[in-house]
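Notes for the one structure printed next.
Just so we're on the same page: letters track the sequence lines, and every chain starts at 1.
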2 protein chains.
Amino acid sequence: MSLRHAVLGLLSEGPASGYDLMKLFDVSLSNVWPATQSQLYAELGKLADAGLVDVVAEGPRGRKEYAITEAGLAELRHWISDVEPASVQRSDMLLRVFFLAQLDPEQARQYFRHQAELAAKRLEYMESIRGFVEEGGDNLSVNGRIALEYGLRLGRVQREWAEWAEGQIR
Amino acid sequence: MSLRHAVLGLLSEGPASGYDLMKLFDVSLSNVWPATQSQLYAELGKLADAGLVDVVAEGPRGRKEYAITEAGLAELRHWISDVEPASVQRSDMLLRVFFLAQLDPEQARQYFRHQAELAAKRLEYMESIRGFVEEGGDNLSVNGRIALEYGLRLGRVQREWAEWAEGQIR
DNA sequence: TTTCTCATGTAACAAGTTACATGATTCG
DNA sequence: CGAATCATGTAACTTGTTACATGAGAAA
């Protein structure tokens with residue numbers, strides 16, 4: 001049920017339309033919780049049915065502006081502090097590692113080299129948006145920087161681990 | 001389509017029944033790719049329909065033993081070396097971080113403290129299975145140790161990051 | 001003989017993906 | 001006027017979760 005809370009979280013910063021949320025998602029949450037446009041609109045409908053958000057205004061082109069309700073805020077806070085985050089995170093990158101014996105050693109080393117490169121690229125990307133996010137003083141930016149720091153640290157261990165792993169293949 | 005390849009990967013080590021695979025999953029892959037029993041049996045059926053595995057023996061209690069086919073091995077190798085792993089990994093733990101402004105500062109610090117503790121517990125758990133996995137000389141164990149090393153390094157940054165983040169909340 | 005483990009499956013539902021459909025308004 | 005952008009939605013499909021159903025064979 002995390003998409004639901006992602007939407008509630010964005011709306012906790014102020015009212016927005018589905019279209020607004022979509023764009024907001026793309027520049028913020030999509031790195032930790034991707035969502036598609038159709039998923040978003042469907043979720044807004046369900047959220048409204050459940051009374052966690054309200055349609056507070058209707059604009060041109062059928063635009064509907066949503067705002068979080070008291071019940072929605074309560075649900076959001078409850079989710080943040082009382083619900084345990086998922087303990088296992090799926091990784092098809094690590095899944096492949098288990099089966100590397102199906103490749104010959106040089107290909108297996110290549111796999112790790114490639115993962116190291118990808119991690120390096122992600123690091124570069126995160127460094128680049130760091131300057132961009134640096135400015136925002138809003139809640140999302142402040143906490144987004146904490147999340148970004150996680151990404152940076154994660155990227156570094158990924159790169160180092162992949163380099164180490166390459167050396168493990170004899 | 002990763003479950004499919006997880007099953008192919010396990011079968012690449014030798015024939016097994018759905019029941020065998022289930023137990024194997026629990027002690028190995030479930031940490032990087034959880035799957036339920038019903039998912040497994042369904043996938044085996046689809047895999048057989050697609051000609052990537054064959055039923056090579058039938059035993060007591062309706063037991064069916066599956067073996068990977070040449071086509072299955074080819075598909076597995078192709079997936080490992082030619083298909084890019086997913087670039088974004090969902091994290092509802094990081095998602096919550098974006099919305100921490102909804103809690104008061106002490107609660108937010110508590111959140112990070114709790115995450116640091118969880119990371120420490122996971123580290124302990126991984127240290128404990130490390131000795132256990134240390135022995136196996138089979139392919140799955142050798143590469144499993146490389147995956148485990150990833151888990152250990154990840155756990156350490158998670159703990160350190162959470163401790164750092166706690167200090168960021170003013 | 002009763003209980004445990006082995007063993008496979010179905011059904012209902014929730015979540016996520018991909019593609020398509022449609023139309024209003026704004027801007028150059 | 002034509003193109004870009006704004007704006008919402010539906011449909012088909014795949015993947016994952018939860019719960020239930022059933023029964024054979026082994027061991028106590």
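Ser12(A) and Gln102(B) are linked by a side-chain donor-acceptor pair at a separation below 3.5 angstrom, with hydrogens and angles left out of the test. A donor-acceptor contact closer than 3.5 angstrom links the side chains of Gln158(B) and Arg122(B).
Among the protein residues, Met22(B) comes within range of no part of the nucleic acid, since none of its heavy atoms lies under 4.0 Å from any strand. Residue Arg4(A) is out of contact with every strand shown, counting any heavy-atom pair closer than 4.0 Å. Note on Ser38(B): a base of the nucleic acid sits closer than 4.0 angstrom, heavy atoms only.
Out of dA11(D), dG16(C), dT8(D), the shortest distance to the side chain of Leu3(A) is found at dG16(C). The side chain of Arg61(B) has dG23(D) as its nearest neighbour among dG23(D), dT17(D), dT8(C). When distances run from any side-chain atom of Tyr41(B) to the nucleotides dG9(C), dT8(D), dT15(D), the shortest one goes to dG9(C). The side chain of Tyr19(A) lies closest to dA7(D), out of dA7(D), dA14(C), dT17(C). Comparing atom distances between the Arg63(A) side chain and each of dT14(D), dG9(D), dA7(D) picks out dA7(D) as nearest. You'll find that the side chain of Lys23(B) is closest to dC6(C), out of dG9(D), dG9(C), dC6(C).
Straight-line distance from the CD atom of Glu58(B) to the C1' atom of dC6(C): 16 Å, rounded to whole Å. Rounded to a whole Å, the CG atom of Asp49(A) is 14 Å from the P atom of dA14(C). The CG atom of Leu40(B) sits 15 Å away from the C1' atom of dC6(C) (whole-angstrom rounding). Lys46(B) places its NZ atom 14 Å from the C1' atom of dT10(C), with the value rounded to the nearest Å.
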Please lay out, stage by stage, how Trp164(A) and Glu149(B) fare under the test side-chain contact (heavy atoms from CB on, under 4.5 Å).
-> CA-CA 10 Å; Trp164(A) 166 85; Glu149(B) 176 66 25; 3.4 Å; yes
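In terms of position on DNA chain C, the residue among Pro60(A) and Gln37(B) whose nearest nucleotide sits closer to the 5' end is Gln37(B).
Dashed line: the shortest gap from a side-chain N or O of Lys64(A) to OP1 or OP2 of dG9(D) is under 4.0 Å. Phosphate contact (OP1/OP2 of dA15(C), side-chain N/O of Gln39(A), threshold under 4.0 Å): absent.
Taking hydrophobic clusters as Ile, Leu, Val, Met, Phe, Trp and Tyr residues chained together by side-chain heavy-atom distances below 4.5 Å, Leu11(A) shares a cluster with Val55(A).
Looking only at distances, no side-chain donor or acceptor of Arg77(B) sits under 3.5 Å from a matching main-chain atom of Leu103(A).
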